[in-house]
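For the single chain, residues carry numbers from 1 onward in sequence order. For the numbers below, each heavy atom of this structure counts, side chains included, while hydrogens, waters and symmetry mates do not.
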Amino acid sequence: MDATPEASAPPTSPPAWGGATVTARAASTARWRSVRARPAHPRPPRAWLTPVAWCAALVYPFALYFVMRDGRGGFSAVTVVPLIVLTALVGALLRSRPLPALAVLLAGWAVARTQMQNSEIVYLQVLLGDLAVGYIAAVRPRRTSVVAAVLAFGAQLGTHLTSLGQTPARVVQLAAFIALATLAAWLAGDSVRERRAHAEALGARAAEQAVTAERLRIARELHDMIAHSIGVIAIQAGVGSRVIDTQPAEARNALATIEATSRETLAGLRRTLVALRSSAESHAPLDPAPGLADLDRLVASALDAGVRADVRLYGERRPLPADIDLAAFRILQEALTNVVRHAGTGECRVTIAYDADEVRVEVEDDGGGGLCAGTGYGIVGMRERVGLLHGRFTAGPRPEGGFRVSARLPVPESGAESVSASAVSVGR
């Protein structure tokens, strides 16, 4: 694990579950591994791709001009292969800067048409432009994709009219062909975006329903288990307080009933907690709840799975309330699990920053994964956990590639003390 620790990890206390207070047990202090220091803001491994792509975009029209001019007698691999690479680099900009990248692509092929007028180049120009429009429609909002479609249609039609100079009937046919091709590409991309948005909405709705159903189930179980017993205890305590001076025997009976009822309730509550925790953690023992002090174990587990986590610590480490400490650990755990399962990369960056009134945790990767279709509720669970603590949570693709999960958890002024706090466990 690569880290720059500034202090030893504080002991943590186990959280309460479902709003019930549980006696805190101090967790053993975990020693952080000392390794060489890393720069505060190292350059991401794929940061070179964006400037290289923009350099390729600058030379793309000129490259097309000279390749088409020299290719009138035939093309060679020496000129075609670099042109394909330049086209791919320009296409890589479509996700982060769709309209400028599309403008460069259209301008390049407009320049190419001035040097070569054959039908193959015409179809290739329309094909590349419409593929770009379809991709933009699939990954960007509709207002951006509509502008892209109009830009592609106008540029292609203008290029063909200028270079061909056909009759009015031919112009109408050409305009209809380009319009239909552009519309078909836009509709295909937009339908992909709509299906993806619908699937995400269904997944979010299913996750919300699952969380609501689980909350209702737990609430019913706790009500059935505790409400009656607390009512009996309250009645017996009232009876005992009234007759303790005049009827000591009745008071002793009331106290005995209170003792028996409370013991029975505690036993039932303990069985419920053990059952819930065993089902969630594969029959794990009731050890103290994990926290940021256990991050080295989490990073070692990710390394065993093939992902090296570069951990960076900022600020002065200090004890955190148990619920915040547990939430931060669970968010890092879920984010690292997503990197291992979906990112398709061997490295990621973990940041933990202790600010004056909050603690920030963040996991970034440069892979090609992100939110995936499936039945898991990891992202929803993290968002719910942060929301319960009145924090801020973001998760999504990075403009330069990869995925980022970030959470800001507010720390109350008393958070510097080792306290016992309740935390609600959200199923994912």
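Expressed to the nearest 0.5 Å, how far CG of L326 lies from CG of L409 amounts to 10.5 Å. In this structure, F329 CZ and D294 CG are separated by 5.5 Å, a value rounded to the nearest 0.5 Å. One distance of note links CZ of R398 with CD of E364; it measures 4.5 Å at 0.5 Å rounding. Once rounded to the nearest 0.5 Å, the distance linking CD of E347 with CG of D366 reads 8.5 Å. To the nearest 0.5 Å, atom CG of residue L255 and atom CD1 of residue I233 are 11.5 Å apart. Q333 CD to L295 CG: the interatomic distance, rounded to the nearest 0.5 Å, is 10.5 Å.
Under the 4.5 Å side-chain criterion, counting only non-hydrogen atoms from C-beta, Q156 is in contact with T182. W109 has its side chain within reach of L124: a pair of non-hydrogen atoms, C-beta onward, lies under 4.5 Å apart. V90 has its side chain out of reach of L86: every pair of non-hydrogen atoms, C-beta onward, lies at least 4.5 Å apart. With contacts defined as side-chain heavy-atom distances shorter than 4.5 Å, the pair V405/F393 qualifies. Side-chain atoms of Y314 and R312, non-hydrogen and from C-beta on, do get closer than 4.5 Å to each other. The side-chain heavy atoms of T144 and P98, taken from C-beta on, include a pair separated by under 4.5 Å. Under the 4.5 Å side-chain criterion, counting only non-hydrogen atoms from C-beta, V67 is not in contact with F62. Looking at heavy atoms from C-beta onward, R408 lies out of side-chain contact with V361 at the 4.5 angstrom threshold.
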Mind listing the side-chain donor-acceptor pairs of residues 183-192 below 3.5 Å, one per line with the distance, residues two or more places apart or on another chain?
residue, atom, partner, partner atom, Å
W186, NE1, S145, OG, 3.0
D190, OD1, R142, NE, 3.3
D190, OD1, R193, NE, 3.4
D190, OD1, R193, NH2, 2.9
D190, OD2, R142, NH2, 3.0
S191, OG, L187, O, 3.2
S191, OG, A188, O, 2.7

Show the atom names and distances, to 0.1 Å, of all donor-acceptor pairs under 3.5 Å that link a side chain in residues 242-253 to residues at least two apart or in another chain.
residue, atom, partner, partner atom, Å
R242, NH1, G238, O, 3.3
N253, ND2, A249, O, 3.4

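The pair E259-R263 meets the salt-bridge criterion, with a side-chain N (NZ, NE, NH1 or NH2) lying under 4.0 Å from an Asp/Glu carboxylate O. In summary, E362 and R349 do not engage in a salt bridge, as defined by a charged side-chain N under 4.0 Å from a carboxylate O.
Nearest heavy-atom pair, A327 versus L389, reported as atom, atom and distance to 0.1 Å: CB-CD1, 3.4 Å. The heavy-atom pair separating I379 from A395 by the smallest distance is CD1-CB, 4.1 Å. For the pair A148 and V133, the tightest heavy-atom approach, listed with the atom from each and the gap, is O-CG2, 3.9 Å. What you find for V139 and R95 is that their closest heavy atoms are CG1-NH1, 3.7 Å.
Judged by distance alone, the side chain of R140 and the main-chain N or O of Y135 form no donor-acceptor pair under 3.5 Å.
Taking the salt bridge (charged side-chain N to carboxylate O under 4.0 Å, His left out) definition, one finds that R97 meets it with nothing, sequence neighbours left out.
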(request) List the steps, then state whether side-chain contact (heavy atoms from CB on, under 4.5 Å) holds for L320 with Y354. (result) CA-CA 10 Å; L320 297 174; Y354 292 87; 4.1 Å; yes

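Among D365, V339, T337, V299, the single residue meeting the side chain to side chain contact (heavy atoms under 4.5 Å, CB included) criterion with V307 is V339.
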